[in-house]
Each structure stands twice: as structure tokens, then as C-alpha cells.
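Input: a single structure, listed below in C-alpha cells.
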Amino acid sequence: MQTISLDGQPLDLDTTLSCGQAFRWRRREDGLWQGVIGDRFVELGVKGDTLSYRTFPDGGDELVRDYLRLSDDVKYIYAYLQNRDRRLAAQIQRFYGLRLLRQPPNETLISFMCSAANNISRISNSIEALARHYGKLICERDGVCYYAFPSCERLAEADDISRLCSLGFRGENIKNAARAILERGEDWLIDLRGQPYDEAREQLMSLNGVGAKIADCVCLFALDKDEAAPVDTHVRQLAQRLFLPGLNTKSMTDGVYRAIVKAFRDRYDGLAGWAQQFLYYEDLLRP
DNA sequence: TATACACCTGG
DNA sequence: CAGGTGTAT
């Protein structure tokens, strides 16, 4: 294993990798996390102030640093949010080391397209199936094969994607999105990292099957838009409970979505996405 | 601008 | 019904 000093910056893998932003990580009995980043199989562990990791094939050091956002000043982010809100301060204390990741954009987009009207375990199963059927084999470890997330080229021509990956009506959307990404050119998606949030969001939403929620997930988890606050039905409920007790609705209209986004932005500004993730994680554990 | 419903599939 | 979206009213 190689090691990197965290330099006093908080990183907790258990919360970070299981909080619903990424779907391909598994925790081994001994606490080691195994997953795939880009074209590499990766093992991660944290002890004290040290991150231990290994990539297969090796040479994935920069990949790991980038994915975990190791150059971010997370202490500063926490301090900023803790000053804004007592409840959030408590959540940060409780889930200290929960971070946002910087994931590959096309994998993030396709993954969250799988999430529409779906549940976590089925989303994970579908994504693993996509990788198994259409992704390149990376390596085999302890009798398990690990595959990269499939390229858009491969997905665009995929036959039988819905049935093989249990995607239902999402399959056709995903295939079309892969085609659209190819049409728009190699760098279209990755270049949205350099665009303002509103612009990136609008471009994403021009894809069929991508609405506000999925666009915001991609913005936050892959495109460096820490101000994006995806509002799913759980976030809607907790936002109504915490911020908007007057908002009496059980459905998610555009207006409701915008009102909740505004509540997050008013409170947490450019770090609304981090706040959302802490509040969401607490809700995830609620029975 | 708002609400209702279909879209697949399985727990 | 589920961690939505598109479309028709």
C-alpha cells in the first residue's frame, strides 16, 4: 500500500463512500474499501491522519487524489458551514470526514440516470451490470472481476441494455444520452467543469431523461459545482421539516424544487451541496 | 404555472 | 410505491 498524509484534513471513507453519491464501492470486513475509479481498481483505507491506497494497475496516484479531492481545504468548508447553522454544525461533528467526491462526469451522469424512480440497491445492481456487460475488464482480485464503467461508444451501440441491466424504461434514455454525448464531442461533458453552474445545468437538462435533480447530481458530484443542491424526495421532506414548515406539499413541482434550492442557497451559499449531503446522510440513517 | 399519469421492475 | 422525467391536460 502507498500512503499519503491527510495533513490534518478530515476524510472518513465509511460515510463518504456510502452516502449515495457513488454506487460502486464495497467495504470489506476489515474496513478496506474496494472500488473502481476510471480505468483502475482501487483499494482505500484511512488510519489516523494517513490515507493508504493501492491501484491496479498501479500509477493511479493522481486519479485517487483527484477523486477524493485531497487538495481541498475541507476544514475550511466545515468551519464555514458550522458557522451558518447549529444543526448542521452538529451533523458535521457527527459525520466528521464526510466529503464530496470528484467523479468522472459521464459515469456520474449515466449512474444518476439509473436512479430515476428507483432504489439504491437496484441502482447499484444496474451499474455493476452495465460495467460487467459493456465495460473493459481491469483485473481480478480474490476471485472477483472488476470492470471499468463502460464508454459512451460502447453504451451507444448496446443491445438489450434494459433487460441485461434491469433498467426498465431508463435503458433507452441512457442509450440515447450516450449517443448525445458522443454527438456533442469528446470534451463537451468534461468542459462543463469550467462553465458556470447555471450553464452546466442547462446543458445537462437538454438531454432527454435528464431533469433538474439528475442535472444537479452531476453538477455536484462530478462538475465542481459545490453550490448545487439536488432535491430528491428525501431532501424535499427534510427541507420542508427544517426550513419550510409552511410549504405543504407531497409532490415535487418545479416551483417546490426551486423553493427548496433557494432555501439551501440562502443558508449555505456556494457550499449548499455540502450542506445538502450532511443533512441527507442523517436522513439516510433514519429508520 | 400546476397536477396527473405512464414509464419498467421487483421488494 | 421507489433517491424522476416527459407529456398531456
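Throughout, a chain's letter reflects where its sequence line sits, starting with A, and its residues are numbered from 1.
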Mind checking [X] for me? I need base, sugar-phosphate or nothing, with any heavy atom below 4.0 Å counting as a touch.
X	result
Ser166(A)	nothing
Gly211(A)	sugar-phosphate
Ile214(A)	sugar-phosphate
Val235(A)	nothing

Rounded to the nearest Å, what distance is computed from the [atom1] atom of residue [X] to the [atom2] atom of nucleotide [N]?
X	N	atom1	atom2	answer
Tyr281(A)	dG3(C)	OH	P	17 Å
Asn118(A)	dT5(C)	CG	C1'	14 Å
Ile123(A)	dG11(B)	CD1	P	14 Å
Gln21(A)	dG3(C)	CD	C1'	14 Å
Tyr257(A)	dT1(B)	OH	C1'	18 Å
Ile120(A)	dG11(B)	CD1	C1'	15 Å
Asn173(A)	dT7(C)	CG	P	10 Å
Arg122(A)	dC7(B)	CZ	C1'	12 Å

Do Asp216(A) and Tyr197(A) have a side chain donor and acceptor closer than 3.5 Å?
->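 There is such a pair (donor and acceptor under 3.5 Å, judged by atom type) between the side chains of Asp216(A) and Tyr197(A).
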Just compare [options] and give me whichever is closest to any side-chain atom of [X].
X	options	answer
Leu284(A)	dG4(C), dG3(C), dA2(B)	dG3(C)
Ser251(A)	dG3(C), dG4(C), dT3(B)	dT3(B)
Phe169(A)	dT3(B), dC8(B), dG3(C)	dC8(B)
Asn208(A)	dG6(C), dG3(C), dA2(B)	dG6(C)
Arg170(A)	dC8(B), dG4(C), dG3(C)	dC8(B)
Phe112(A)	dG3(C), dG6(C), dT3(B)	dG3(C)
Asn119(A)	dG4(C), dT3(B), dG3(C)	dG3(C)

Provide the Watson-Crick or G-U wobble partner of dT7(C), both distances under 3.5 Å; none if there is no partner.
->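 When the pairing criteria are applied, dA4(B) turns out to be the nucleotide that pairs with dT7(C).
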Shared ILVMFWY cluster between Val235(A) and Ile123(A), side chains joined below 4.5 angstrom?
->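 Yes, Val235(A) and Ile123(A) fall within the same hydrophobic cluster.
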Indicate if Tyr78(A) and Leu51(A) have the same hydrophobic cluster label, given that clusters are the connected sets of ILVMFWY residues with side-chain heavy-atom separations under 4.5 angstrom.
->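 No, no single cluster joins them.
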How far, in whole Å, is [M] from [N] if one measures between their [atom1] atoms?
N	M	atom1	answer
dG4(C)	dT1(B)	P	23 Å
dG3(C)	dA2(B)	C1'	23 Å
dC8(B)	dA8(C)	P	16 Å

For [X] and [Y], I'd like to know if the aromatic rings sit close, meaning centre-to-centre distance below 6.0 Å.
X	Y	value
Phe278(A)	Tyr268(A)	no
Phe56(A)	Tyr146(A)	no
Phe149(A)	Tyr134(A)	no

Map Met205(A) and Gln277(A) onto DNA chain C by nearest heavy atom, then report which one ends up closer to the 5' terminus.
->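 Mapping each residue to its closest nucleotide by heavy atoms, the 5'-most match is Gln277(A).
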